Amino acid sequence: MRISELLQQPRRSLSFEVFPPKSSTVFSSIQKATFAIAELKPSFISVTYGAGGGTSAYTLEMAREIQGRYSVPALAHLTCVSSSRETVAARIREIREAGIENIMALRGDLTPELEAKDRSQWCYHHAVELVREIRAAAPEACIGGACYPEVHPESANQREDIAHLKEKVEAGCDFLTTQMFFDNNLFYNFLYKIREAGILVPVLPGIMPITKATQVARAIRLSGSFMPQRFKSLVDCFGEDPEAMQQAGIAYATDQIIDLFANGIHHVHVYSMNNPAVAAKILDNLSRILEP
Ligand code: FAD
């Protein structure tokens, strides 16, 4: 099912993100965790591409299994910045042949090796180029794009970031998913500004349940997200007790999701980090809210 159609349904729903294994040695444990998340029957599951050290070759395999075995729609991520045009064309073809209709079109992070190269040698500079290529090669595809309520770190300011986002949507994005945020007001403010700029596609807020104190520094490094004092106090108080930290982190994420639903958002994407226990607990916390 196309995610854009799913998002038109006026019911509250959650989707989850998983990342592929780094190597074949951990493939079966990651696959098991992914299947356990698929058994929870979220509205869809996104599978990252090379992000967090995962291997891009497994993205399609995992997406295909999620759809084939569990009938849960899969969103296959694809990045372009370190790829050749031939590789990208081959990946798009493989995704179509696997029957995956939903593709998340991303630029990918700039690695030091890539930055060391002359930019004129790069085949792709921005995700908008990938969106155009997917739209041309697979007109029927449902394309997602990333957006940043707290501004992408490479943008000089929010106005410039939103102008580029608009260009990406006009190139063919059917929906957007946000970078993680820990203060919902940042999301509401962003949504207001992009609507005002004429970006009208559905926007999925991305919520990351932080369940270990060690995840905090990494999450800030990767996303540049602002950590509210309320969240910092929680980590200070419970960070050294793993079970208490997991409980508090899930409660914080649940609270963010309830606030989003209460403010008229119907769909939330959860960065579930291949953790079925966390995904199940969040669903359990919301059981009545998701199925009134
Ligand atoms: P872009 O849309 O290209 O934006 C990057 C920067 O370039 C922004 O500052 C933007 O304003 C600017 N820009 C855009 N177009 C132009 C233009 N025409 N001219 C000048 N400047 C421009 N990474 C992975 O490696 N694998 C994944 O699976 C993955 N999944 C992600 C999922 C989500 C929901 C998010 C939010 C991020 C994900 N990332 C992933 C990380 C992502 O690759 C990085 O954040 C990357 O730095 C930017 O990707 P983008 O697609 O947003 O790029």
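Both counts, for ligands and for their atoms, begin at 1 and track the order of listing. Bear in mind that the values here come from a model prediction, so they are computed numbers and not experimental data. This chain uses plain numbering: 1 for the first residue, then up along the sequence.
- With ligand atoms numbered from 1 in the order given, ligand 1 contributes 36 (C) to contacts under 4.0 Å with heavy atoms of Gln179.
- For the atom pair CG of Leu290 and CD1 of Ile282, the computed distance is 11.0 Å after rounding to the nearest 0.5 Å.
- Residue contacts with ligand 1: Phe19 is excluded, as none of its non-hydrogen atoms falls under 4.0 Å.
- When each of Leu106, Asp109, Leu130 is paired with Thr79, the side chain to side chain contact (heavy atoms under 4.5 Å, CB included) condition holds for Leu106 and for no other.
- Tyr148 and Asp161 are not linked by any side-chain donor-acceptor pair at a separation below 3.5 angstrom, with hydrogens and angles left out of the test.
- Of all the atoms in ligand 1, the ones that sit under 4.0 Å from a non-hydrogen atom of Tyr271 are 34 (C).
- Distance check: Arg107 CZ to His126 NE2 gives 7.0 Å after rounding to the nearest 0.5 Å.
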Determine, stepwise, if the pair Glu17 / Ile45 fulfils side-chain contact (heavy atoms from CB on, under 4.5 Å).
CA-CA 6 Å; Glu17 179 168 291; Ile45 295 181; over 6 Å; no
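- For ligand 1, the polar-atom distance check finds an N/O of Gly108 within less than 3.5 Å of one of the ligand's N/O atoms.
- Of the candidates Cys147, Ala163, Ala146, Ala146 brings a heavy atom nearest to atom 35 (C) of ligand 1.
- Taking CD of Glu115 as the reference point, atom CH2 of Trp122 lies at 5.5 Å (rounded to 0.5 Å).
- Not one N or O of Thr177 is nearer than 3.5 Å to an N or O of ligand 1, by distance alone.
- Of all the heavy atoms of Glu167, the ones lying under 4.0 Å from any atom of ligand 1 belong exclusively to the side chain.
- Considering backbone and side-chain N/O of His126, one or more are found under 3.5 Å from N/O of ligand 1.
- Taking every non-hydrogen atom of His77 and a distance limit under 4.0 Å, the qualifying atoms of ligand 1 come out as 27 (C), 28 (O), 29 (C), 30 (N), 32 (C).
- Looking at Arg132 and Glu129, no side-chain N of the basic residue comes within less than 4.0 Å of a carboxylate O on the acidic one, giving no salt bridge.
- Seen from the ring of Tyr124, Arg85 counts as a face-on cation partner, given the 6.0 Å and 45° thresholds.
- Comparing Val81, Leu75, Leu106 by heavy-atom distance to atom 31 (C) of ligand 1, the nearest is Leu106.
- Looking at ligand 1, you won't find any N or O of Thr178 less than 3.5 Å from one of its N or O atoms.
- Within the 4.0 Å heavy-atom criterion, the part of Lys168 lying near ligand 1 is the side chain and not the backbone.
- Proximity of Gln31 to Glu65: side-chain heavy atoms (C-beta onward) are separated by under 4.5 Å at one or more points.
- Residues Gln67 and Ile100 are in side-chain contact: their nearest non-hydrogen atoms beyond the backbone lie under 4.5 Å apart.
- Of all the atoms in ligand 1, the ones that sit under 4.0 Å from a non-hydrogen atom of Thr48 are 28 (O).
- Not a single heavy atom of Gly206 lies less than 4.0 angstrom from ligand 1.
- Between Tyr70 and Phe35, the distance separating the two ring centers is shorter than 6.0 angstrom.
- Each of the following atoms of ligand 1 lies closer than 4.0 Å to a heavy atom of Met104: 34 (C).
- On a distance-only criterion, Asp109 and ligand 1 share at least one N/O pair closer than 3.5 Å.
- The atoms of ligand 1 that sit less than 4.0 Å from any heavy atom of Thr79 are 24 (C), 25 (O), 26 (N).
- Ligand 1 has a nitrogen or oxygen under 3.5 angstrom from a nitrogen or oxygen of Arg107.
- Taking every heavy atom of Asp161 and a limit of under 4.0 angstrom, the matching atoms of ligand 1 come to 8 (C), 9 (O), 10 (C), 11 (O).
- Checked against a 3.5 angstrom limit, the closest N/O atoms of Ser155 and ligand 1 fall inside it.
- The distance from atom NE2 of His269 to atom OG of Ser43, rounded to the nearest 0.5 Å, is 9.0 Å.
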